[in-house]
Amino acid sequence: MLKMTDYIEELKWRGMLQDMIPGTDDFLKSGMQTGYIGFDPTSDSLHVGSLATIMLLKIFQKAGHKPIALLGGATGMIGDPSGKNTERNLLNEETIRHNVSAIKKQLEKFLDFGAAPNAAEIVNNYDWYKNMDMLHFLRDVGKHLTVNYMMAKDSVKKRLEAGISFTEFSYQLLQAYDFYWLYTHKNCRMQMGGSDQWGNITSGTELIRRKGENKPAFGIVCPLVTKADGTKFGKTETGNIWLDARLTSPYKFYQFWINASDEDATKYIRVFTLKTREEIETLEKEHQAAPHLRLLQKALAEEVTTRVHSAEAVRNAREASAILFGRATQEALGSLSEQMLLEVMEGVPQFNLAKSMFEQKLPVIDLLSEAGVFASKGEIRRLIKEGGLSINKEKISLAETHLTDQHLLQGRYLLVQRGKKNYYLVVVE
RNA sequence: GGGGAGAUACCGAAGCGGUCAAACGGGGCAGACUGUAAAUCUGUUGGCUACGCCUUCGGAGGUUCGAAUCCUCCUCUCCCCA
């Protein structure tokens, strides 16, 4: 017997409910329902920006409902104008096919596909668009929503001055039809999404209503995840944080969460973990009592990294973090086996230096410059002057410092550190 | 088509013949404080074989002992009038 919980109530305390279509609440309480979220195949990996909506689905399933993840194999070819202020370039079909299959694999990590009766499903809207011809689309879909209605949407209104192509303008019709199709074929009466999807979701419920369906459709949206300092969530100096380990190493992924500010961490732990309200509140109390332990950030990083990567990835990342940031010093570094060292350094940028160069007993500044760790010698000099350069956790205070074989970890590695958080591994061979 | 304004380092913006590798602000990086947080304060922010040298101020020429600064042409941007 399936245990149902109150989805809306849970979203509320997690701070994940921005808006909902009236009645959604009662609709969900009336029994197991099917709901969906669409994902755009604009690249071949999701990034943490999509994580909040994935969690919407995950929590939906946990609450006892049936989640459907819709991949926009067709809509991705059109381009959603929501939240965009300029027309986008179209991706070619091959790229989209590739992206769809890659994203599908990622989503499979989050949802439970074996949990009858509310097992998750993945669908691709290309399947119902590939055989549809334009006349049918215009007669069966386009006829039901007026241009006036469509133009009133924010996503369109914002673009009226700058210009919007007919193609992007039509996007909401396609998404509306997706909803209708799922409604009729999968008995799916609910759509979720980020707040930028509100317009598209209501176009869908409207289409369903005007097509003469007697049972209404529902929807909710969650707020955009933000950072307290106003910068964009999910980006770092070096770019997006991706879910794919090849694009963002598990170590870096783990560090991304560990580095969340206190203020953000209390928000994120509600959105990105499945911890209960009690667990979270207890953690917060413990965190306040001993903030330097960073319990909140650790709990957040561990759970998210486990789900996206694996428990083993977390172990490695935690170990690497302990060595790089903990009190561990040269001795700890030196005592690592080569295999451990490499595991710990996985995800840390690596540079090569010819053994012959190293043996010339050049000053450290020349060696680092040769290895290409820094952009220029001026930069290295400045860094040394400012006390921001360490090798093997030992501060370098003179540009003329010479390195000897004793500095080499396992006879061939140098751990270069810029500031507190940036590490580079130089391999001498 | 006519008239005007402008193009400076990552971005914004001063400078209008030497003292300009170029004020100031933002951003970046680092240091201090701390907790791999936030706030704050400080330093730094073209390159090099470095008390000196080289390359930079839209592009190409020119004037001058000397130009980001003056002149000529070109390219692009913005504004106003038709």
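In this text the structure is predicted, and so the values were computed from the model without any measurement. Only heavy atoms go into these numbers, but all of them, side chains included; no hydrogens, no water, no symmetry mates. Each chain gets a letter, A, B and so on, in the order the sequences are listed, and its residues count up from 1.
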### Summary
A/Lys385 atom NZ is separated from B/C29 atom C1', nearest whole Å, by 13 Å

### Message
With the 90 degree cut-off around zero defining syn, does B/C51 come out syn or anti?
### Response
syn

#### Entry: Toward the 5' end of RNA chain B, by each residue's nearest nucleotide, A/Asp262 or A/Gly378
A/Asp262

### Task
Answer yes or no: is there an ion pair linking A/Arg382 with A/Glu386, defined by an N-O contact shorter than 4.0 Å?
no

#### Entry: Closest to the A/Lys395 side chain, choosing from B/U36, B/A32, B/G35
B/A32

### Message
Can you check the distance between B/C74 and B/C81, where both ends of the measurement are the C1' atom (answer in whole Å)?
### Response
26 Å

### Query
Which whole number of Å gives the distance between the C1' atom of B/G4 and that of B/G17?
26 Å

### Task
Give the rounded distance in Å between these two atoms: CH2 of A/Trp257 and C1' of B/U36.
16 Å

### Message
Whether the side chain of A/Glu370 engages the backbone of A/Leu353 through a donor-acceptor N/O pair (distance < 3.5 Å, no angle test) should be reported.
### Response
no

#### Entry: Integer angstrom distance from the P of B/C54 to that of B/A21
12 Å

### Message
Quick test of your reading of the model: are A/Asp112 and A/Lys58 salt-bridged, counting only N-O distances below 4.0 Å?
### Response
no

### Task
Nearest whole angstrom, please: distance from the C1' of B/A30 to the CZ of A/Arg381.
17 Å

#### Entry: Spacing between A/Glu386 atom CD and B/U42 atom C1', to the nearest angstrom
11 Å

Less than 3.5 Å apart, which donor and acceptor atoms pair up between the side chains of residues 271-279 of chain A and the rest of the protein, not counting sequence neighbours?
| unit_1 | atom_1 | unit_2 | atom_2 | d |
| --- | --- | --- | --- | --- |
| A/Thr273 | OG1 | A/Ile269 | O | 2.6 |
| A/Thr273 | OG1 | A/Lys275 | N | 3.4 |
| A/Lys275 | NZ | A/Glu303 | OE1 | 3.0 |
| A/Thr276 | OG1 | A/Glu279 | N | 3.1 |
| A/Thr276 | OG1 | A/Glu279 | OE1 | 3.3 |
| A/Glu279 | OE1 | A/Thr276 | N | 2.7 |

### Query
So which one's nearest nucleotide on RNA chain B is more toward 5', A/His292 or A/Arg418?
A/Arg418

### Task
Return the nearest nucleotide to the side chain of A/Leu383; candidates are B/A37, B/U36, B/A30.
B/A30

### Message
Counting the atoms with a prime plus P, OP1 and OP2 as sugar-phosphate, which does A/Ile258 contact under 4.0 Å by heavy atoms, base, sugar-phosphate, or nothing?
### Response
base

### Query
In whole angstroms, how far is the P atom of B/G31 from the CG atom of A/Asn422?
9 Å

### Task
Taking side chain to side chain contact (heavy atoms under 4.5 Å, CB included) as the test, write out the residues that go with A/Asp25, two or more places apart.
A/Asp6, A/Ile8, A/Met20, A/Lys29

### Task
Taking all non-hydrogen atoms of both residues into account, name the closest pair between A/Leu341 and A/Gln410 and its distance.
CD2-CG, 4.5 Å

### Task
In whole angstrom, give me the gap between the C1' atoms of B/C80 and B/G27.
35 Å

### Task
Just call it for A/Arg382: base, sugar-phosphate, or nothing, with non-hydrogen atoms closer than 4.0 Å on any strand.
sugar-phosphate

### Query
Once you round it to whole Å, what is the distance between C1' of B/A37 and CZ of A/Arg294?
5 Å

### Summary
Pairs under 3.5 Å (Watson-Crick or G-U), crossing ones as [ ], inter-strand ones as |: RNA chain B comes out as ((((((((.[[[..)..(.....]]]((((((.......))))))(((...)))...[[[[[..)....]]]]]))))))).

#### Entry: P atoms of B/U77 and B/U69, separation to the nearest Å
23 Å

### Message
Taking B/A14 as the reference, what is the distance to B/A30 when you measure between their P atoms (whole Å, please)?
### Response
31 Å

### Query
Which is true for A/Glu379 with a 4.0 Å heavy-atom rule: it touches a base, it touches only sugar-phosphate, or it touches nothing?
nothing

### Task
Establish whether the base of B/U49 is bridged to the side chain of A/Lys377 by a donor-acceptor pair shorter than 3.5 Å.
no

### Task
Classify the side chain of A/Gln297 versus the base of B/U36 as yes if they form a donor-acceptor pair under 3.5 Å and no if they do not.
no

### Query
Which value, in whole Å, describes the distance between the C1' atoms of nucleotides B/C11 and B/C57?
16 Å

### Query
Heavy-atom count around A/Glu312 CD within 6.0 Å, excluding the residue itself: above 12?
no

### Rounded P spacing from B/A60 to B/A5 in Å
25 Å

### Query
For A/Phe325 and B/U36, what is the distance between atoms CZ and P respectively, to the nearest whole Å?
9 Å

### Query
To the nearest Å, how far apart are A/Phe374 CZ and B/U45 C1'?
15 Å

### Task
Show your reasoning for whether side-chain hydrogen bond (donor to acceptor under 3.5 Å, both in side chains) applies to A/Lys227 and A/Ser261.
CA-CA 9 Å; A/Lys227 288 209 313 188; A/Ser261 70; over 6 Å; no

### Query
Is the A/Phe325 to A/Tyr423 ring centre distance short of 6.0 Å?
yes

